[in-house]
Amino acid sequence: MAATVREAIRELMAQTTATMDALLEASDRELAMPSSHACAQGKDLWTLITNDIDHEKIHTGQVLEARYESRMTASPMERLVAEWLAERARFIGSLIGLTDEQFNGETAPGQWTYRAVAKHVLVLEQDSLKTMA
């Protein structure tokens with residue numbers, strides 16, 4: 001693990017992309033396959049991955065509780081970045097599972113396409129950063 005917080009965050013984000021790609025390349029059928037990994041508790045890949053998710057939630061709580069107890073409150077900008085990152089993850093998650101055809105289709109009749117919404121989010125963010133600079 002990286003020695004600095006910023007490097008650790010980048011490492012975790014890079015792994016997030018790698019894990020997302022690996023999971024999206026797998027099929028739903030593969031989730032039922034047995035897993036020999038100890039965290040699968042003698043069960044299948046579904047149990048392994050959901051255990052990893054729960055495990056991360058536990059450690060997120062551990063970090064938040066330790067910061068709270070130690071009075072390590074994030075600055076306003078740090079809080080802003082953390083909340084933006086959480087919302088970005090939710091937005092990306094909302095796109096997962098769409099086919100390319102669906103992604104280029106309207107969200108509702110006469111409405112923007114999913115692609116247009118994603119581009120709008122991206123362009124608005126880029127414009128905001130230019131304004132900040």
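The first residue of the sequence shown is numbered 1, and numbering continues consecutively from there.
- Crowding of Met20 atom CE: a count of heavy atoms from other residues, nucleotides or ligands under 6.0 Å exceeding 12.
- To the nearest 0.5 angstrom, Ile92 atom CD1 is 8.0 Å from Thr17 atom OG1.
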Side chain to side chain contact (heavy atoms under 4.5 Å, CB included) between Gln62 and Ile58, intermediate numbers included: CA-CA 6 Å; Gln62 177 185 13; Ile58 290 165; 5.7 Å; no
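- Hydrophobic clustering of Ile, Leu, Val, Met, Phe, Trp and Tyr side chains at less than 4.5 Å, counting indirect connections, unites Trp112 with Val121.
- Judged purely by atom type and a 3.5 angstrom limit, Ser70 has no side-chain atom pairing as donor or acceptor with the backbone of Arg67.
- With hydrogens and angles disregarded, no donor-acceptor distance shorter than 3.5 Å links the side chain of Glu7 to the backbone of Ala2.
- The shortest heavy-atom contact between Glu30 and Glu25 is OE2-O, 4.5 Å.
- For Glu56 and His59, the side-chain atoms include no donor-acceptor pair closer than 3.5 Å.
- Of the listed residues (Ser36, Pro34, Ser35), just one forms a side-chain contact (heavy atoms from CB on, under 4.5 Å) with Leu48, and that residue is Ser35.
- Distance check, rounded to the nearest 0.5 Å: NE2 of His37 to CG of Leu45 gives 10.5 Å.
- Minimum interatomic distance between Phe103 and Thr113 (heavy atoms only, all atoms of both residues): O-CB, 4.1 Å.
- To the nearest 0.5 Å, the span separating CG on Asp28 from CH2 on Trp46 amounts to 9.0 Å.
- To the nearest 0.5 angstrom, Tyr68 atom OH is 10.0 Å from Glu65 atom CD.
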Trace of the side chain to side chain contact (heavy atoms under 4.5 Å, CB included) decision for Val117 with Gln111: CA-CA 10 Å; Val117 172; Gln111 298 296 312; over 6 Å; no
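- No more than 12 heavy atoms of other residues, nucleotides or ligands sit less than 6.0 Å from atom CE of Met77.
- The CG atom of Asp44 lies 8.0 Å from the OG1 atom of Thr50; values are rounded to the nearest 0.5 Å.
- Between the OG1 atom of Thr16 and the CG atom of Asp21 there is a distance of 11.0 Å, given to the nearest 0.5 Å.
- Asp127 places no side-chain N or O within donor-acceptor distance of the main-chain N or O of Val123, the cut-off being under 3.5 Å.
- The same ILVMFWY cluster, assembled from side-chain heavy atoms under 4.5 Å apart, contains both Met13 and Trp84.
- Ion pairing of Arg90 with Glu87 is present here, as a side-chain N (NZ or NE/NH1/NH2) and a carboxylate O approach within less than 4.0 Å.
- The shortest side-chain heavy-atom distance between Arg10 and Arg6 falls under the 4.5 Å cut-off.
- Atom CZ of Arg79 sits in a sparse spot, with 12 or fewer heavy atoms from other residues, nucleotides or ligands closer than 6.0 Å.
- Residue-environment remark: CE (Met132) stays at or below the threshold of 12 foreign heavy atoms within 6.0 Å.
- When all heavy atoms of Leu95 and Ala118 are compared, the pair lying nearest together is CD1-CB, 4.4 Å.
- Val81 and Leu12 are assigned to two separate hydrophobic clusters, defined by single-linkage of ILVMFWY side chains at heavy-atom distances under 4.5 Å.
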Worked check of side chain to side chain contact (heavy atoms under 4.5 Å, CB included) between Asp52 and Ile49: CA-CA 5 Å; Asp52 288 350; Ile49 301 303; 4.3 Å; yes
